[in-house]
Amino acid sequence: MTTASLKGPNWGMVVDVDKCIGCMACVIACQAENNVPLNTQDRVERGRAISWIRVERYWEGDFPDSKARFIPIMCQHCANAPCEPVCPVFATYHNSEGLNIQVYNRCVGTRYCANGCPYIVRFFNYWEPVWPESLRNHLNPDVTVRSRGIMEKCTFCVHRIRRESRKARSEGRVLLDGEVQTACSTACPTSALNFGNFNDPNSKVSKMKDDQRHYTLLDQFATEPNVIYLAKVDTDRKVGAGEAASHG
Amino acid sequence: MKLNRREFLTLTGKTTAGAVIFAACGLPERELIVQSPVDLPEDLVRGEDAWYATSMGDFTNGDGVLVRVMEGRAKKIEGNPDHPVNRGKSTARYDSVLQLLYHPDRISDPMRRFSKGGNLVDISWRQAEAQFQDALVNANGSLTVVTNPLRGHLGSVASKFAAKFNGRHMSFDPIEQGVLHGAVKSVLGQDQLPTFDIANASTVLSFGADWLGTWGSPAQFGVKYGEFRSQGNRGYLIHADPRMSLTAAAADLWLAPKPGTEGDLALGIASVIVKEGLASVANIAAFNAALPGGLSGYSVAEVAGKTEIPAARIEKAARHFAGNTPAVAFGGGSAGAHTNGSFNLGAIYSLNLLVGAVGARGGVTANPGSAFEDISASATGASFESWEAELAQWRAGNVETVIIRGVDIVYGMPNSVAVREALDNVPNVITFGAVLDDTMAFADLVLPELTFLETWGTDIPEPGPGYQVVGIQQPVVGPTVTQDETGLISNARGFGDMLLAMAGGSFGSSMERIVMDAVSELHDTGRGSVSASSSALFMNGVLQRGGWWDTGEKGAQGTAGRISTTTKSAGYSDTNALGTGEDFHLVPFVSNSLFDGRLAATPWAQQTPDPISSASWSTWAEINSQQAKELGIRQGDVLLIRSTSGEIEALAYPHPGIRPGVIGVPIGQGHAEGGRWAEGRGSNVLSILVDKKDSETGALAWAATRVRVQRAGRRVKVPKYEGEVEARAAEPGVPILVVGPGETAEQAEKANHHEYQGSLFKDD
Amino acid sequence: MQQRRPLDQVYTNRKLLNGQLDTPRWWLPTVSILGVLVLIGIGVIAIMVNKGLGVTGLSRPVFWGLFITTFVFWVGISHAGIMISAILRLTQAEWRRPVTRAAELLTVFSLLTALVFPLIHAGRPWRIAYWITPYDLGRGIYPNIRSPLIWDPVAIGTYLTGSTLFLYVALLPDLGNLRDRTTGWRNSLYTVLALGWRGNPRQWKLQTVGGILLSALMLPIFVSVHSIVSWDFAVVPAVEGWHSTIFAPYFVIGAIHSGVSAVVTMMALMRWLWKWDDFIRPEHFDALARLLIVVATAWLGFTFLELIFAVYGQDAPEIALREMQMFQWPWNMLFIIFLLCAYLIPVPMWLFKRVRTNIALMFWTSILVNIGMWLERFLIIVPGLSRRTPFVYVWDSYRPSAVEWTILIWSFCWVTFLMLLFSKFFPLVPLFEQKESQVFTDDVMIGRARVPAIIREAD
Ligand SMILES: Nc1nc2c(c(=O)[nH]1)N[C@H]1C(S)=C(S)[C@@H](COP(=O)(O)OP(=O)(O)OC[C@H]3O[C@@H](n4cnc5c(=O)[nH]c(N)nc54)[C@H](O)[C@@H]3O)O[C@H]1N2
Ligand code: SF4
Ligand code: SF4
Ligand code: SF4
Ligand code: SF4
């Protein structure tokens with residue numbers, strides 16, 4: 001949280017994995033909100049589907065003790081983001097509000113950042129995005145349609161942040177906690193996804209992130225993510241029971 | 001008082017300050033300024049977004065939504081935070097409706113077929129109306145109006161229309177809820193589906209119903225589930241389903257009974273509770289009263305034998321259920337889709353009596369009747385049995401005119417009833433719809449229909465939140481222009497308005513009028529979430545909030561009845577005549593994104609990864625991975641799945657989350673029509689269901705089909721999001737960290753070697 | 001040392017200038033066919049740029065594939081030039097003489113080819129102004145100097161400039177020679193290019209000193225180029241198998257291995273095509289093969305170091321990656337081919353002098369090395385991307401598309417095409433070097449055999 005510690009907000013997400021049911025509401029909400037190109041069958045088959053947030057499903061154990069575990073993964077908006085230094089053109093950089101910004105018109109499409117990102121949440125536009133003309137009516141005018149040849153990824157719905165901040169500013173007041181909600185956190189029925197300002201000690205996310213179940217993904221890379229996860233609870237797991245979780 | 005839209009707009013400006021008083025829930029503090037009625041074209045040029053509240057009519061069980069409209073175009077559908085059902089939350093299916101609205105293959109004009117089997121040709125509305133009129137006149141009483149189960153005033157319009165022409169109004173729901181309604185009625189004595197207070201329950205025991213994914217009111221249940229897990233004493237979920245659904249995956253304890261033995265399992269659990277004295281004497285007495293024949297034959301050992309679930313697991317479930325109250329039990333879906341469905345669901349719901357859950361906090365509470373005298377608070381499809389009878393009439397040429405709306409009967413009914421043949425013998429088949437479906441391919445007259453985003457209506461959510469709710473559906477985008485470069489076509493009309501017009505206005509002039517009258521009726525009650533000095537202001541308030549509700553108007557507890565025991569053991573179809581292959585029990589399941597197929601036309605629904613298999617754009621078949629290994633079936637193998645009513649193909653997706661001997665196939669693909677994204681994609685599992693019925697209600701026992709499965713000898717890539725290898729925790733450090741109750745993440749990381757280093761060589 | 005016949009200057013001139021003075025019969029058809037293939041390749045590239053990288057087999061998470069592999073490959077090949085010319089010149093290895101020019105040419109042309117790949121692999125190659133040159137400073141937009149992708153073009157650009165100068169300086173005496181033997185437009189061309197070369201002592205001195213200075217200056221570049229290329233991978237901690245501290249020397253030594261092998265391939269071809277048996281002789285192959293044995297073995301050491309680091313560090317994910325690379329289909333097949341081609345087949349063969357002096361065997365073994373070394377780069381780049389620890393959910397494989405294969409083949413046609421085109425206008429074997437060596441050698445009688453004695457090599 002280096003750059004974001006000045007005065008402004010430090011946006012972040014707290015993901016309660018224990019509440020995620022894998023319903024995919026967040027996934028489609030993000031597609032609709034952010035004008036993500038249609039993931040046609042070919043794109044899905046060839047590993048080119050773009051989904052700024054994905055819900056990974058991991059199997060554990062075998063029948064009848066098998067378990068399916070879901071975890072939503074989006075850009076972690078790392079304070080120390082490995083995707084940033086490798087970009088030759090500064091098309092991806094960190095802003096003062098804790099966001100990892102992607103500047104579409106700067107990007108030349110080297111895909112280097114995508115190799116650098118340990119969370120694999122960057123998506124390359126292999127093709128020009130096309131919508132049948134009539135479907136363009138539902139495109140969100142607040143969000144650019146990315147052209148072929150460039151990178152895209154979760155922006156923490158920066159346009160929503162901007163919209164709400166602008167409104168608050170014009171009304172001469174500070175943003176309230178919860179006023180900015182991302183498309184995915186709005187959709188999530190179980191409130192597994194929670195968005196807010198970590199610089200506000202009284203915000204919901206600030207309180208949630210101190211939960212004893214909190215962890216971040218891939219600590220070993222010291223990326224300092226702005227997405228905090230709260231671990232999945234398994235009542236069958238004995239405390240300190242070693243095997244149960246990650247060895248399946 | 002008559003108000004036009006312009007006046008509404010003026011009013012909105014004046015009244016937001018405070019003339020409309022929001023009672024009951026209070027208006028939550030939030031940023032969206034939800035607009036009152038749609039007002040075009042002024043909002044076309046403002047460059048600012050407007051959010052309109054409406055009700056999600058045909059695509060949910062009555063969820064309230066806000067639609068973001070900009071420059072006259074709908075951009076996004078989100079939950080309405082005010083609405084008591086889904087409280088601002090969504091499912092993966094909401095936004096797909098936008099793609100139906102703007103579907104490039106939306107039917108632009110009325111179409112007519114001049115001879116059976118001929119081509120559809122565009123005609124004008126004037127010609128269409130004339131033909132419609134002829135069909136009504138010719139029908140002379142032999143008329144059937146077929147719709148999806150319609151809630152609110154549209155349902156009553158359809159019924160009144162049918163009645164006016166001496167016809168019938170039949171609802172069709174491929175996934176029938178009749179068994180469920182029957183069980184709720186007979187055991188709990190309630191006419192409407194009750195609400196389950198999941199949020200406050202310590203234990204939830206559910207059977208078959210994928211209530212977190214597709215069953216009942218998933219957005220409502222999802223919100224409650226979030227609260228259920230947030231309780232100081234984290235709720236415990238037990239779910240029984242032969243296949244791992246979303247709900248089963250979320251469960252702390254998953255039981256995978258042999259399909260059809262869900263009722264036995266419920267009674268097995270009951271017998272443990274009774275035997276171990278885990279329930280109060282009064283509750284046991286109430287339970288026994290509901291159970292003809294008592295619990296003999298349901299000892300845990302016997303039930304373990306029938307369900308093929310180890311006794312220890314049944315006991316564990318029972319102890320949790322009775323030991324951690326408040327607890328609630330409910331079920332549906334495949335648990336009720338057997339020849340003994342009524343028995344199964346009856347047994348399941350009766351468990352509530354055993355833990356005193358009926359009417360209790362954290363239990364099952366009744367929903368009240370509707371706020372309108374002439375509108376039912378409940379809508380179900382007619383039973384399969386009645387449909388068989390009805391179709392026999394069609395086939396016999398006894399029905400002159402059939403009007404179909406909101407349901408694809410050719411797609412949704414099994415081969416055994418030969419719908420196509422029946423339709424061929426109906427002289428006038430009139431269909432309404434936005435995108436061509438399989439039924440329209442047999443219609444004589446195809447009428448382009450407005451979607452719920454363009455029409456007026458009311459909605460009575462079912463299951464409701466435990467008190468009276470009326471959702472209001474308003475057109476959030478105006479009638480869109482034709483022929484411009486955006487390819488927008490909407491020469492469509494509302495189904496309700498069309499019926500009203502064809503009936504000569506005898507029971508209403510327009511849906512808009514009907515909705516206004518209904519709202520006035522609500523105003524006259526003098527209670528509820530909106531109170532205002534004039535009916536215009538009241539209307540404004542109701543539209544702004546997306547509906548009206550009265551938290552004080554609760555459902556009355558019915559008197560408990562007895563569970564049905566007509567058939568206690570499930571009967572399955574036979575596979576003897578099916579040639580080579582391996583016998584499996586077919587469990588179709590509702591797709592998380594396509595639902596029962598009604599969203600298959602949209603690319604978003606098509607592309608949404610299935611939560612369990614992560615597959616999209618296809619029909620896959622889930623089988624147990626160990627069994628698949630034994631049979632030499634690998635992922636992507638094309639499987640031929642054969643029942644006595646037909647054969648389909650599906651791509652094998654073996655995984656560990658399904659009972660051996662069971663094959664799970666999603667519903668929703670295999671359309672012959674349905675626009676560029678749905679046509680000819682995947683297979684329709686509904687088509688191969690056999691005509692087994694629930695012995696009590698005559699509902700289709702859609703989980704009673706047994707099939708023979710064979711490899712076709714081809715292997716293709718499954719269009720899925722999961723990578724090339726099965727995503728298992730193959731090495732330390734997979735992103736999901738699992739903690740035991742009370743364990744900190746740090747402790748778990750240490751214990752699990754969650755960090756990368758050193759687990760391969762250091763001892764585990 | 002075997003016998004060889006004494007060469008007089010006239011014979012040397014005629015033989016070595018036969019490309020320029022009279023055209024061999026195979027030249028035109030070969031160059032035409034290659035030209036067509038080159039055009040097809042350019043067409044495919046144009047289609048790719050026009051349609052988008054969707055025509056490749058790339059996906060998520062394998063964002064880099066054949067193009068980057070081939071880029072590294074050609075940069076590797078380019079190391080031959082400096083190795084042969086600069087180092088051997090500085091160490092005064094006499095056997096370098098007939099092959100310096102061709103090796104330098106290979107450097108220049110392979111660098112030109114290598115540069116194409118990062119450009120066409122970018123999603124929007126037309127935006128290189130931000131990235132390569134000129135920087136878009138007018139709008140206050142600076143490149144990110146932390147990114148190795150900025151240093152790649154800098155290093156390669158410097159190397160290309162140096163190599164071109166080097167090539168040119170060494171070409172001057174031959175250009176003078178050609179000028180004196182041609183008429184018409186050719187004469188005019190050579191006159192301009194020869195920069196007034198008269199062969200006077202001052203010019204010779206300048207030329208020699210210039211060559212030596214350039215050689216010395218090129219050495220750091222030699223080390224830097226492939227080091228920087230290796231950092232494209234080494235700085236990425238998230239990709240198992242990339243993030244390695246030994247990559248710089250590992251890549252450089254690998255580059256020499258493949259580059260020198262490419263020179264061997266080329267020498268054999270030159271000898272066959274232009275019948276330069278008198279100039280490109282078995283002892284040259286012998287010397288290069290000896291060098292290769294050392295280089296290849298050092299390189300193999302690095303390869304095993306990589307594995308040892310994984311095991312010694314007990315780094316589970318890396319061990320898992322190596323396990324996949326070596327033992328899982330189809331990587332294991334590629335790994336075996338790679339190891340056989342890059343080392344296990346050629347190097348033991350080279351231990352025998354009979355092999356080292358057998359031109360055909362040297363030709364084929366050197367080709368094997370480069371097949372192996374291409375695979376080495378592929379196996380470094382792709383498996384780690386395909387298996388992104390620890391997000392098992394996104395592991396996906398990569399199959400290059402026909403477009404990518406076509407462009408790979410194009411690059412070979414393109415380099416060969418350029419070499420042949422060059423050979424039409426400039427001598428591939430430096431005449432002056434050749435003659436210098438003839439001056440330095442004398443023949444001695446051993447028994448009844450006349451055996452060449454190379455004066456310079458004695459000290
Ligand atoms: N005083 C003064 N006069 C000027 C200028 C100035 O600087 N000062 N500038 C001059 C210049 S450069 C220009 S370009 C002109 C601009 O003058 P106009 O072309 O008159 O532009 P606008 O004033 O923007 O008005 C355009 C109208 O189109 C409507 N409109 C918006 N979207 C659509 C659409 O999709 N379809 C249709 N049919 N209508 C739409 C808008 O509501 C608006 O009423 O003014 C010129 N006049
Ligand atoms: S998650 Fe990936 S893309 Fe996002 S900031 Fe971190 S490294 Fe960059
Ligand atoms: S793909 Fe774009 S953002 Fe990523 S490194 Fe290349 S230029 Fe930068
Ligand atoms: S925060 Fe916004 S951009 Fe990011 S995943 Fe959620 S919806 Fe998508
Ligand atoms: S919406 Fe929420 S519960 Fe559903 S998949 Fe996304 S994070 Fe999980």
Side-chain angles (χ1 to χ4, degrees), chain A residues 17-19 21-25 27-29 31-33 38-39 41 44-45 49 54 56-60 62-64 66 68-69 71 132-135 137-138 140-141 164 179 186-187 189-191 212-215 217 220 231-235 237-242 244-248, chain B residues 31 70 73 75-76 78 89-92 95 98-99 102 104 212-213 219 222-223 225-226 229 234 244 246 249-250 252 256 486-488 603-604 607-608 611-612 614 616-617 624 656-657 717 719 721 727-729 732 734-741 743-745 747-748 751-752 754-756:
Chain A
V17 183
D18 192 36
K19 285 188 188 163
I21 52 172
C23 70
M24 305 287 160
V27 172
I28 291 300
Q31 299 276 325
E33 178 74 14
L38 301 179
N39 290 329
Q41 181 173 352
V44 174
E45 278 170 359
R54 66 173 181 269
E56 298 194 343
R57 188 270 299 117
Y58 285 94
W59 288 113
E60 238 179 73
D62 278 306
F63 185 86
S66 39
R69 310 260 195 230
I71 183 169
E133 200 53 45
S134 67
L135 283 192
N137 283 298
H138 69 51
N140 183 353
E164 299 307 326
E179 214 171 328
T186 307
T190 62
S191 298
Q212 61 165 12
R213 291 185 287 128
H214 78 93
Y215 72 107
L217 301 187
Q220 67 272 29
K232 168 91 193 155
V233 179
D234 186 339
T235 44
R237 191 179 185 277
K238 301 287 167 289
V239 177
S246 6
H247 291 268
Chain B
E31 266 313 295
M70 230 175 150
R73 305 281 188 261
K75 301 292 183 187
K76 186 85 179 50
E78 285 179 2
K89 296 305 189 177
S90 318
T91 70
D95 283 308
L98 292 176
Q99 298 194 319
Y102 296 126
L212 285 173
V223 175
Y225 174 82
R229 290 301 199 197
R234 178 179 177 273
M244 189 179 279
L246 275 190
D252 299 282
T486 64
L488 268 190
W604 277 339
Q607 73 175 47
T608 309
I612 298 295
S614 89
S616 60
W617 294 103
N624 181 278
K717 194 161 184 176
Y721 286 69
R728 269 183 176 255
V734 285
I736 297 186
L737 179 68
V738 180
V739 297
E743 193 181 21
T744 68
Q747 289 168 321
N752 288 339
H754 188 72
E755 299 133 278
Y756 266 2

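Just so it is clear, the structure is predicted and the values come from calculations on it, not from any experiment. Residue numbers start from 1 in every chain, and the chains themselves are labelled A, B, ... in the order their sequence lines are given, proteins ahead of strands.
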| said: For the interface with chain B, which of A/Gln41, A/Arg213, A/Glu45 has the highest count of heavy-atom pairs at distances below 4.5 Å? | reply: A/Gln41
| Any donor-acceptor N/O pair, B/Lys75 side chain to A/Asn137 backbone, under 3.5 Å | yes
| said: Using a 3.5 Å distance criterion without hydrogens, assess whether the side chain of A/Ser66 forms a donor-acceptor pair with backbone atoms of B/Pro656. | reply: yes
| request: Would you mind reporting whether A/Ser191 and B/Lys89 have side-chain heavy atoms less than 4.5 Å apart? | output: yes
| field | Side chains of A/Arg57 and B/Pro611 in contact at under 4.5 Å (non-hydrogen atoms) | value | no
| query | Which answer fits B/Asp252, side chain, backbone, both or neither, if we ask what part of it has an atom under 4.5 Å from a heavy atom of chain A? | reply | both
| query | In terms of heavy-atom pairs under 4.5 Å with chain B, which of A/Thr186, A/Asn39, A/Thr190, A/Ile71 leads? | reply | A/Asn39
| query | Do side-chain atoms of B/Tyr225 reach the backbone of A/Lys19 as a donor and acceptor pair under 3.5 angstrom? | reply | no
| request: Indicate yes or no: at least one non-hydrogen side-chain atom of B/Met244 is less than 4.5 angstrom from one of A/Phe63. | output: no
| said: Could you check whether any side-chain heavy atom of B/Gln99 comes within less than 4.5 Å of a side-chain heavy atom of A/Leu135, counting everything from C-beta outward? | reply: yes
| field | Which atoms of B/Thr91 approach chain A - backbone, side chain, both or neither, heavy atom under 4.5 Å | value | backbone
| task | Kindly compute the distance separating CZ (A/Arg69) from CD1 (B/Ile736), expressed to the nearest 0.5 Å. | result | 7.5 Å
| In terms of heavy-atom proximity below 4.5 Å to chain A, should B/Lys717 be classed as side chain, backbone, both, or neither? | both
| Looking just at side-chain N and O atoms, do B/Gln607 and A/Gln31 make a donor-acceptor pair shorter than 3.5 Å? | yes
| query | Do NZ/NE/NH1/NH2 and the carboxylate oxygens of B/Arg728 and A/Glu60 come within less than 4.0 Å? | reply | no
| Engaged part of B/Pro741 at the chain A interface, taking heavy atoms whose separation is under 4.5 Å | both
| Do A/Pro132 and B/Tyr102 touch side chain to side chain, with heavy atoms closer than 4.5 Å? | no
| Quick one: does A/Tyr215's side chain get under 4.5 Å of B/Val739's, heavy atoms only? | no
